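Given the structure is predicted, the values throughout are model-derived calculations rather than measurements.
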Protein chains: 2
Amino acid sequence: MNIGEIAKRAGVSRSTVSYALSGKRAVSAATRRRILQVIDDVGYRPNASARALAEGRTRAIGLVIPPAGRRLTPIQLGFVADVVAAAGRRELDVLLSPSGGEHDRSFERMVRGRRVDGVILMEVRLRDARAARLRESGVPFVAIGHTADAATGYWVDLDYQGLVASCVRHLADLGHREIALINRPRELLDSGYGPARRALDGFEAAAAARSLSATASCCPDEAAAGETFIEDLLAARPGVTGLVTINEAALPGIERALRRLGRAVPRHISVTGVVGRHWAEEFHPPLTAADVPITDMAERAVELLAERLAEPGTPPRNVLLAPPISLRSSTAPPP
Amino acid sequence: MNIGEIAKRAGVSRSTVSYALSGKRAVSAATRRRILQVIDDVGYRPNASARALAEGRTRAIGLVIPPAGRRLTPIQLGFVADVVAAAGRRELDVLLSPSGGEHDRSFERMVRGRRVDGVILMEVRLRDARAARLRESGVPFVAIGHTADAATGYWVDLDYQGLVASCVRHLADLGHREIALINRPRELLDSGYGPARRALDGFEAAAAARSLSATASCCPDEAAAGETFIEDLLAARPGVTGLVTINEAALPGIERALRRLGRAVPRHISVTGVVGRHWAEEFHPPLTAADVPITDMAERAVELLAERLAEPGTPPRNVLLAPPISLRSSTAPPP
DNA sequence: GCCTGCGGTCGAATCGATTCGAAGCATCGC
DNA sequence: GCGATGCTTCGAATCGATTCGACCGCAGGC
């Protein structure tokens with residue numbers, strides 16, 4: 001069932017069918033009605049490949065996710081679903097591609113094979129090989145997180161620096177004097193992963209500004225690691241009364257360790273940070289924290305990409321999101 | 001940069017380039033070398049749309065996920081990444097489509113627009129509108145879970161019935177006499193979601209066979225719900241010493257409630273069931289449970305689909321996986 | 001009454017691949 | 001020496017859409 005068949009049944013030429021569907025040229029009301037009727041009867045849909053070939057665009061975007069090996073955090077996973085939903089609203093399909101290691105072929109297929117019109121690149125590093133590849137291939141892309149040369153690209157990011165600084169000031173305002181940052185894994189920080197880097201910067205700057213005694217360390221993305229992290233931390237610095245975390249995967253372990261060590265939240269120790277809403281609410285007691293607005297980020301990323309596709313050549317745009325800190329019940333003045 | 005340009009630079013016709021690349025006809029070694037050299041120099045890749053149009057297949061598959069609104073469980077999310085990886089190994093790209101409600105347009109685009117060669121359908125119901133739609137459109141698909149007419153389709157599923165029965169027998173063997181099943185949410189069970197249905201069947205049959213006192217109830221997919229579930233259960237039936245769960249999202253709440261109520265695992269109460277490995281290991285103490293083999297399921301689903309695409313008309317095949325129960329430390333004889 | 005303008009429609013070219021039939025050219029056997 | 005054979009290679013048709021230029025008929029202006 002192709003456009004020729006529709007044309008035949010409606011008694012018009014193929015081009016007329018195309019125009020009736022796209023509206024790019026006028027078609028008389030009677031003819032259009034007849035054509036639409038036939039289309040509806042037989043359930044016709046233009047062949048996506050043929051259309052893509054003729055139009056020179058695929059109406060699909062690529063979403064490059066971190067490789068499957070490394071567990072995706074719930075934030076990232078929710079983000080994928082939200083991107084698909086946002087793209088769907090704009091009649092765009094989403095092609096998924098892992099990146100890194102053995103998956104580079106998939107990335108190359110997508111990019112060089114012109115399978116997609118543009119790409120959303122998740123979890124970008126300050127220096128990022130994939131971003132460089134896209135740039136040199138001339139494929140429009142929007143990064144989640146920003147690269148070292150932030151000014152030249154399109155990106156959406158969270159203001160981790162500002163948010164973590166707000167958390168620190170919140171603790172300082174409550175009277176805390178000795179605090180600690182629970183960062184993402186060391187390898188992410190070392191490889192120049194923006195959020196880890198900037199969280200650290202924001203933490204140190206804000207702590208220094210308020211003259212707090214502060215330590216920052218990394219913790220693997222796992223509950224078990226969170227548990228030992230807390231044990232080690234409180235053994236080394238028993239005076240810590242405020243915790244700031246951007247590591248949501250470690251939260252269940254943090255909660256367990258604090259409970260086991262008899263440190264009640266928030267009576268003995270306050271906990272805050274930047275984590276997905278879901279995780280903030282599952283913590284006991286619910287975390288006072290900046291909720292990562294994944295749905296918002298997904299929507300903005302797709303919006304930026306759609307805009308860039310529609311009007312190539314416009315100067316790069318970017319979005320830095322700074323959601324408010326949701327007051328729940330995990331912070332209080334120190335004992 | 002298209003095949004014509006490559007042909008010109010290599011001094012051959014376009015068809016020769018195509019044959020050199022596909023190997024579908026002989027090309028002399030010298031010519032092939034020259035062509036490949038040019039291709040390598042300019043970094044050429046065939047245009048996916050043109051190729052799809054000519055070949056009549058897209059080399060892409062669709063993955064229909066549950067709608068974004070309902071939170072994806074970690075099992076489902078890991079599955080998505082694993083499907084993409086498995087498809088990549090076969091040079092297949094993956095198009096994501098949510099289904100249900102407002103997302104049906106995306107589903108239709110994929111199916112009717114011939115964007116994909118075949119589809120993997122997640123979380124299938126016993127009677128499933130999407131499956132029916134695919135069947136009537138003639139699009140090959142593999143279901144995760146099986147529909148009411150299991151014999152006529154391709155599917156991959158977990159033997160929830162057998163696995164839950166094994167868990168029950170394991171508890172019975174240890175001497176437990178009063179047990180409970182923590183199922184997935186009621187609306188899933190009612191809508192004919194296979195795993196929930198079959199877990200219940202397996203639970204009741206095995207409990208009856210061993211003359212155990214058994215109750216089965218549903219629990220929303222949330223930690224908080226797990227907590228109240230346990231409170232209610234133990235209030236109503238304080239004699240329960242064995243729990244079987246297929247609801248991984250409720251596990252953190254189950255753990256918290258048991259701890260708060262002073263029921264040590266496994267000393268006072270044993271816990272087992274069918275959950276993702278990750279969740280089993282995060283539980284304290286680690287769960288003795290059947291680990292949902294998502295990577296395996298993803299691989300088999302893609303394998304089945306690839307096979308079906310390669311040889312249409314072969315009789316339906318299906319795979320029922322029954323992973324072993326991993327002995328960890330959450331079960332023991334009753335007190 | 002003729003030319004112009006315009007709404008509506010058609011035919012043909014185009015996008016970039018694959019694939020089929022046929023042609024060119026040695027080599028080989030008789 | 002001539003036709004048959006086999007290996008390479010080429011040219012043209014094809015896939016199913018979009019889009020451009022042209023054509024046609026009709027109304028309006030002078």
Side-chain angles (χ1 to χ4, degrees), chain A residues 1-36 38-39 42-60 91 93 108-117 137 309, chain B residues 1-36 38-39 42-60 91 93 109-117 309:
Chain A
M1 185 53 56
N2 56 27
I3 199 174
E5 184 65 20
I6 302 296
K8 198 191 300 174
R9 300 202 190 191
V12 296
S13 74
R14 300 187 316 168
S15 47
T16 302
V17 174
S18 178
Y19 288 127
L21 234 33
S22 71
K24 294 190 181 172
R25 277 198 193 177
V27 170
S28 75
T31 312
R32 141 171 284 121
R33 210 163 27 238
R34 192 151 31 93
I35 292 172
L36 294 182
V38 173
I39 286 178
V42 304
Y44 162 80
R45 284 249 174 183
N47 178 306
S49 305
R51 176 199 284 241
L53 178 57
E55 283 194 318
R57 62 177 179 141
T58 60
R59 294 167 188 264
E91 305 269 282
D93 287 322
E108 285 296 312
R109 262 203 313 279
M110 219 173 62
V111 172
R112 315 294 318 252
R114 307 250 105 98
R115 260 226 143 126
V116 296
D117 297 332
S137 296
L309 293 178
Chain B
M1 186 54 56
N2 56 27
I3 200 174
E5 184 65 20
I6 301 297
K8 198 193 299 176
R9 298 202 191 192
V12 297
S13 75
R14 300 187 315 167
S15 49
T16 303
V17 174
S18 178
Y19 288 126
L21 233 33
S22 70
K24 293 187 181 172
R25 276 197 194 177
V27 170
S28 75
T31 313
R32 142 172 283 121
R33 210 163 27 237
R34 191 150 31 94
I35 292 172
L36 293 182
V38 173
I39 286 178
V42 304
Y44 162 80
R45 285 249 174 183
N47 178 306
S49 306
R51 176 197 283 238
L53 178 57
E55 284 193 316
R57 63 179 178 136
T58 60
R59 294 166 187 265
E91 306 268 284
D93 287 322
R109 263 203 313 278
M110 217 173 63
V111 172
R112 314 294 316 252
R114 307 248 104 97
R115 260 226 139 124
V116 296
D117 297 331
L309 294 177

**Study point:** Nearest-nucleotide pick for Ser13(A), side chain only, options being dC10(C), dA17(C), dT18(D)
**Key:** dC10(C)
Check your understanding: In whole angstrom, what separates Arg109(B)'s CZ from dA17(D)'s C1'?
Key -> 17 Å
Check your understanding: When we call it a touch if two heavy atoms are under 4.0 Å apart, what does Ser15(A) touch: a base, just sugar-phosphate, or nothing?
Key -> base
Check your understanding: Has Arg114(B) got more than 12 heavy atoms of other residues, nucleotides or ligands less than 6.0 Å from its CZ?
Key -> no
Check your understanding: Leu53(A) side chain: which of dG16(C), dT18(C), dT18(D) is closest?
Key -> dG16(C)
**Study point:** Per Asn47(A) side chain, nearest of listed nucleotides dT9(C), dA17(D), dC10(C)
**Key:** dA17(D)
Review point. Can you tell me if CZ on Arg59(A) sees more than 12 non-hydrogen neighbours from other groups inside 6.0 Å?
Key: yes
Exercise for review: Whole angstrom is fine here: how far is it from CZ in Arg25(A) over to P in dG21(D)?
Suggested key: 9 Å
Practice item. For Ser28(A), answer base if it contacts any base atom (sugar-phosphate contacts may also be present), sugar-phosphate if it contacts only those atoms, and nothing otherwise; contact means non-hydrogen atoms under 4.0 Å. Key: sugar-phosphate
Practice item. Could you check how far CZ of Arg34(B) sits from P of dT8(D), rounded to whole Å? Key: 13 Å
**Study point:** Protein-nucleotide distance (Arg14(B), atom CZ; dA12(D), atom C1'), rounded to Å
**Key:** 9 Å
Exercise for review: Tell me which nucleotide among dA22(C), dC10(C), dA17(C) gets nearest to the side chain of Tyr19(A).
Suggested key: dC10(C)
**Study point:** Arg57(A) CZ - dG16(C) C1' separation (whole Å)
**Key:** 18 Å
Review point. What is the distance from CZ of Arg33(B) to P of dT9(D), rounded to the nearest Å?
Key: 12 Å
**Study point:** Atom-pair distance (CZ on Arg51(B); P on dC15(D)), nearest Å
**Key:** 19 Å
Revision key, fill the gap. Note: for Thr16(B) and Ser49(B) on DNA chain C, the residue whose nearest nucleotide lies more 5' is Ser49(B)
Practice item. Figure out the NZ/P separation between Lys24(B) and dC20(C), and round it to whole Å. Key: 9 Å
Review point. Which part of the nucleic acid does Thr31(B) contact within heavy-atom distance under 4.0 Å: base, sugar-phosphate only, or nothing?
Key: sugar-phosphate
